[in-house]
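Have a look at the structure below, then the notes.
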Amino acid sequence: MELADFDYELPPGLIAQRPLPRRSDSRLLVLAADGLAPLDSDVRQLPQLLRRHDLVVFNDTRVVPARLEARKATGGRVEILLERALPGCAALAQLGSSKPIRPGMVLHCAGGELRVLEGADGMWRLALPQDALQFFERYGSVPLPPYITHAADQSDSERYQSVFARAPGAVAAPTASLHFDDGLLSAIAAAGIGCATLTLHVGAGTFLPVRSARIAGHRMHSEMFSIPQSTVSAVRDCRARGGRVVAIGTTVVRALEAATLAGDGALAPRAGETDIFIRPGFAFKVVDLLLTNFHLPRSTLLMLVAAFAGRDRVLAAYAHAVRQGYRFFSYGDAMLLERCGAGSYNARA
């Protein structure tokens with residue numbers, strides 16, 4: 001398939017620049033697998049849209065203040081976007097500069113000197129004055145996506161983070177999680193719907209565009225993930241009760257499906273890295289429903305959603321959302337999609 005197959009027209013005014021006052025106030029476009037027209041709803045109706053014994057799976061990653069401004073010895077500005085912390089007071093990062101970055105270069109920032117060690121595939125390894133997560137927590141700022149035009153402020157420090165964020169390491173929010181507040185979580189539990197968590201640390205590569213005209217030529221960035229035994233057991237028990245697995249966000253889909261592929265078709269506890277690229281033709285093994293935000297044109301996230309619910313149906317739903325004035329991207333509204341087709345499933349205890 002071609003990159004152009006995943007394009008759509010979006011008026012700039014529909015790109016959400018700020019979150020709504022209440023997390024669960026967002027609208028929800030429901031797309032069922034039965035071919036019916038999209039249903040306009042809202043996120044607070046999610047417990048009524050799901051069934052008793054379904055299982056909702058969240059990504060509990062916590063966003064690090066991963067953006068940092070530095071200067072070269074010449075005074076030239078360098079923007080640093082953390083990709084991941086490395087052992088021994090080191091980090092892997094994207095470096096943005098008007099002139100080339102070279103190994104051995106010393107960068108100056110509020111936290112002291114950083115040394116550029118080596119680079120590959122658009123990422124650079126840096127030596128830091130202290131542990132990377134501690135360093136960025138103290139001196140960094142919220143890494144808002146490039147389509148949000150205001151500088152990050154205190155409000156973003158709270159709202160570009162889920163209420164259940166626990167494990168620090170992400171440099172972008174798993175934005176489907178941003179719709180959930182304590183009231184909605186309580187309503188889900190009261191409806192007899194189970195909850196489980198996993199961790200996938202969203203990397204800086206999530207902001208990188210697809211540059212290959214044919215999508216099969218695109219190489220995904222690698223991200224760290226971890227799925228505990230408790231979540232594997234919850235999925236197994238959900239299936240035994242006749243329930244469905246509901247992924248809250250594309251990161252949850254990637255983690256569950258990557259772990260299943262690595263386990264030869266069986267979901268098992270796993271921790272490691274994944275560069276899985278889910279696109280049309282992918283055979284899903286675990287996830288039945290997906291709640292996700294609206295994604296950028298020509299993005300790998302839109303390709304994943306198209307693989308899950310059908311490209312033509314998804315793009316038609318996006319056109320409906322544009323006509324109805326839905327809010328797009330990280331601080332925007334959401335979709336609830338049912339997977340097209342049937343898949344097999346197995347879980348190891």
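Keep in mind the model is a prediction, meaning the values are calculated, not measured. If you read the sequence from its start, that first residue is 1, and numbering goes on from there.
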Would one find more than 12 heavy atoms of other residues, nucleotides or ligands at under 6.0 Å from atom CD of Gln154?
no
Closest non-hydrogen contact found for Ala307 with Ile278 is CB-CG2, 4.1 Å
Running the 4.5 Å side-chain criterion over Ile, Leu, Val, Met, Phe, Trp and Tyr, what cluster does Leu39 land in, apart from itself?
Leu28, Val30, Val43, Leu46, Leu49, Leu50, Val56, Phe58, Val163, Phe164, Phe180, Leu184, Leu185, Ile188, Ile193, Val246, Ile248, Leu289, Leu291, Leu336
What residues form a side chain to side chain contact (heavy atoms under 4.5 Å, CB included) with Arg327, not counting sequence neighbours?
Ala16, Leu20, Asp333
Check ion pair Lys285-Glu257 (N to O, under 4.0 angstrom):
no
Heavy atoms only: give me the nearest Thr300-Met220 pair and the separation to one decimal.
CG2-SD, 3.6 Å
Side chain to side chain, Lys72 and Met105, heavy atoms closer than 4.5 Å
yes
If the threshold is 4.0 Å, N to carboxylate O, is there a salt bridge linking Asp288 and Arg244?
no
Closest heavy-atom pair, Asp156 versus Tyr331, reported as atoms and distance to 0.1 Å, is OD1-OH, 2.7 Å
I'd like to know if the side chain of Ser233 and the backbone of Ser230 have a donor-acceptor N/O pair within less than 3.5 Å.
no
Where the side chain of Tyr160 meets the backbone of Leu178, is there a donor-acceptor pair that is under 3.5 Å apart?
no
Closest heavy-atom contact between Val322 and Pro11?
CG1-CD, 3.8 Å
Does Gln17 use its side chain to pair, donor to acceptor, with the backbone of Thr149 at less than 3.5 Å?
yes
Does a side-chain N-to-carboxylate-O contact under 4.0 Å join Arg71 and Glu69?
yes
Going hydrophobic residue to hydrophobic residue with side-chain gaps under 4.5 angstrom, can you get from Met1 over to Met303?
yes
Minimum-distance pair of heavy atoms, taken over all atoms of Leu198 and Ser226
CB-O, 3.5 Å
Could you tell me if the side chain of Phe135 sits less than 4.5 Å from the side chain of Cys109, heavy atoms only?
yes
Does Glu273 come within less than 4.0 Å of Arg84, counting only side-chain N to carboxylate O?
yes
Of the options Asn59, Thr251, Thr61, which is the one that meets His201 in a side chain to side chain donor-acceptor pair (under 3.5 Å)?
Thr61
Please find the pair of heavy atoms, one from Val314 and one from Ala309, that lie closest to each other, and give the distance.
CG2-CB, 3.8 Å
Is the NZ or CZ atom of Arg298 positioned over Phe6's six-membered ring, under 6.0 angstrom from the centre and within 45° of the axis?
no
Is it the case that the side chain of Arg313 and the backbone of Ala306 share a donor-acceptor pair, with hydrogens and angles ignored and the cut-off at 3.5 Å?
no
